[in-house]
Number of protein chains: 2
Amino acid sequence: MAKSPLTQFSRRERQIMDVLFKRGRATAAEIQAGLPDPPGYSAVRALLRVLEDKGAVRHEQDGPRYAYRPTVARESARRSAIHHLLHTFFDDSPEQAVAALLDQSAADLSDADLDRLAALIEKARKAGA
Amino acid sequence: MAKSPLTQFSRRERQIMDVLFKRGRATAAEIQAGLPDPPGYSAVRALLRVLEDKGAVRHEQDGPRYAYRPTVARESARRSAIHHLLHTFFDDSPEQAVAALLDQSAADLSDADLDRLAALIEKARKAGA
DNA sequence: AGCAATATGCTAAATTCTTAGCACCACCGA
DNA sequence: TCGGTGGTGCTAAGAATTTAGCATATTGCT
């Protein structure tokens, strides 16, 4: 298996990627603030340099400082994450996964949300058939 | 926040947990086989001992060898995984997540699957309202 | 019984991750 | 113009992870 853009991350690296995926873009200080049990600022900088080396992250000048972004689009990171979730916990069964997701968050979904989801299912039906 | 049963895992530890969650239960050799870029057998054993120390895993005698299991139920590991996925990639929006999931795997779903999902949505509607 | 094969437990070494510290540059206000 | 503030790059040490090696059981054959 060739090395995917999602190389293996260390713990801290992963935490940083999580922050970046969540925020889309952040400065070193923001990342530091977003990390659980935040390390020193230098540590964050060093990690970012490593991640940039690995090609997982790139920076752009944002006024006086750097702003970092993941290089892989959020989209494709999402896809991988979903794929991994399915594979590890749901025997590659999207149906089970959707069921779990609905079950777990039924309370947070409004009727309108549910309508939209129902519509999506209809759409899937047409596409699949 | 108290230290949850899901302590921070190192890279290898996580890989091992993934294998265990996927299989439910496995011997050291099976785990080794399931690992990406598998290390030596001793390495796997050592890791398992560490994980057992951390309380993430326990073993039971299975004939001449040990069989390992995660201590947290697959259920609750699932929940955490979903939660993390939602938080990192979907702004805590289950609706977006379900949408992505459907979109990504529409092709793999049969009409019957879709029927079941539609039924689940109906159920959620009743529960939520 | 004796031997090969396959477990396990432990430990020490190699590797990798994580961190802090220091040197330097640019901007801003006194 | 001269600090002070807040950014950057680098590097080296400390901590943790990851690994292999070796000693010791236990099982199953012959």
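Every chain is numbered from 1 and lettered A, B, ... according to where its sequence line falls, protein lines coming before strand lines.
If you check every strand for non-hydrogen atoms under 4.0 Å, Tyr41(A) touches a base. As judged by a 4.0 angstrom heavy-atom cut-off over every strand, Ala29(B) is placed among residues making no nucleic acid contact. Nucleic acid contact for Arg11(B): sugar-phosphate only, since backbone atoms but no base atoms lie under 4.0 Å from a heavy atom of the residue.
Residues His87(B) and Asp18(A) bring no donor and acceptor atom of their side chains to less than 3.5 Å of each other.
Closest to the Arg12(B) side chain, of the nucleotides dG7(D), dT19(D), dC10(D), is dT19(D). With dA20(D), dA20(C), dC10(C) as the choices, the nucleotide that has an atom nearest any side-chain atom of Pro39(B) turns out to be dA20(D). Each of dT8(C), dT19(C), dG9(D) was ranked by its minimum atom distance to the side chain of Tyr66(A); first place goes to dG9(D). If you check dT8(C), dT11(D), dT18(D) against the side chain of Arg49(A), the one that comes closest is dT11(D).
Closest-nucleotide positions on DNA chain D for Gly63(B) and Tyr68(A) were compared, and the one nearer the 5' end corresponds to Tyr68(A). Each of Ser42(B) and Val50(B) was assigned the nucleotide of DNA chain D with the nearest heavy atom; the assignment lying further toward the 5' end belongs to Val50(B).
Across the protein-nucleic acid pair, Arg45(B) atom CZ and dT6(C) atom P stand 15 Å apart, rounded to whole Å. Note: CG (Leu47(A)) to C1' (dT11(D)) measures 15 Å, nearest angstrom. The CD atom of Gln61(B) sits 15 Å away from the P atom of dA25(D) (whole-angstrom rounding). Atom P of nucleotide dG6(D) and atom CD of Gln32(A) are separated by 13 Å, given to the nearest angstrom. At whole-Å resolution of the value, NZ in Lys54(A) and P in dT16(C) are 11 Å apart. Distance NE2 (His59(A)) to C1' (dG9(D)): 11 Å, rounded to an integer number of Å. Taking atom CG on Asp37(A) and atom P on dT18(C), their separation rounds to 12 Å, with Å as the unit. Atom CG of Asp53(A) and atom C1' of dC10(D) are 13 Å apart (whole Å).
Shown are Asp115(B), Leu102(B), Val98(B); of these, the side chain to side chain contact (heavy atoms under 4.5 Å, CB included) with Ile121(A) is made only by Leu102(B).
OP1 or OP2 of dA16(D) has not a single side-chain nitrogen or oxygen of Ser10(B) nearer than 4.0 Å.
Contact annotation: the side chain of Gln104(B) never approaches that of Arg78(A) to less than 4.5 Å [non-hydrogen atoms, C-beta and beyond].
A distance of 12.0 Å separates CZ of Arg23(B) from CZ of Arg69(B), quoted to the nearest 0.5 Å.
The two residues Ala97(A) and Leu86(A) have their closest heavy-atom pair at CB-CD1, 3.6 Å.
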